[in-house]
Amino acid sequence: MAEEVLARSGLYFDDLNKIRVIDPESARQGQELNDECKDFLSKLSDFHKITEEFIQRVSTVSHVVEKEKMKAIGARNLLQSIAKQREAQQQQLQALIAERKMQLERLQVQYESLLREEAEQNDFIEQFMLQK
């Protein structure tokens, strides 16, 4: 009965028989809420650590990927440059071949002309010798 009178005035006894201002059920729920908050904060802290580590790893991977991307771009540019150089060299060689073919043709015509002239001179020499 004394407990009821004290309960009406907002005073309660706990398990250790100490006087409390909050009823035991509210105190228990408050303690449970406090424990759950501590557990939530611990999990939130763990989550924060995991996300920071994840972000750091993703950042590292992105740097590696960017570096490899730049290497690939450089290699592609080098290959394109080499291809253009080969194409230019091929054009130079084709021009040289055309030039040499023209020179060959000119020399063949000159050779044939010289052969004809030699033949004419030999004929002239033979006729000159026959006249003597």
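The CG atom of Leu41 sits 13.0 Å away from the NE2 atom of His48 when rounded to the nearest 0.5 Å. In this structure, CG on Leu114 lies 11.0 Å from CD on Glu120, to the nearest 0.5 angstrom. Rounding to the nearest 0.5 angstrom, the gap separating the NZ atom in Lys84 from the CD1 atom in Ile82 is 12.5 Å. Rounding to the nearest 0.5 angstrom, the gap separating the OG atom in Ser45 from the CD1 atom in Ile50 is 9.5 Å. Note that OG1 of Thr60 and CD1 of Ile55 are 12.0 Å apart. Values are rounded to the nearest 0.5 Å. Remark: Gln85 CD to Gln92 CD distance equals 10.5 Å, nearest 0.5 Å.
Side-chain contact check for Leu107 versus Tyr111: every heavy-atom pair is 4.5 Å or farther apart. In this structure the side chain of Glu118 reaches within 4.5 angstrom of the side chain of Asn122, judged on heavy atoms. Annotation: side chain of Gln29 is not in contact with side chain of Leu33 (no heavy-atom distance under 4.5 Å). Contact of the Gln90 side chain with the Leu93 side chain is not registered, since no non-hydrogen atoms from C-beta on lie closer than 4.5 Å.
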Q: Run the numbers on Glu68 and Lys71 for salt bridge (Lys or Arg N to Asp or Glu O under 4.0 Å), then give the verdict.
A: CA-CA 5 Å; Glu68 291 300 317; Lys71 283 183 185 178; 3.5 Å; yes
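With no hydrogens or angles considered, no side-chain donor-acceptor pair links Asp123 and Gln127 at under 3.5 Å.
Surrounding CD of Glu32 are more than 12 heavy atoms belonging to other residues, nucleotides or ligands, all under 6.0 Å away.
For Ser113 (side chain) and Val109 (main-chain N/O), no donor-acceptor pair under 3.5 Å exists by modelled atom type. Formation of a donor-acceptor pair under 3.5 Å by the Ser42 side chain with backbone atoms of Lys38 is not found in this model. A donor-acceptor pair under 3.5 Å is formed between the side chain of His63 and the backbone N or O of Ser59.
The only option from Gln108, Arg106, Arg100 that meets the side-chain contact (heavy atoms from CB on, under 4.5 Å) definition with Leu104 turns out to be Gln108.
Among pairs with a residue in residues 42-61, those fulfilling salt bridge (charged side-chain N to carboxylate O under 4.0 Å, His left out) read Asp39-Lys43, Glu53-Arg57, at least two apart in sequence or across chains.
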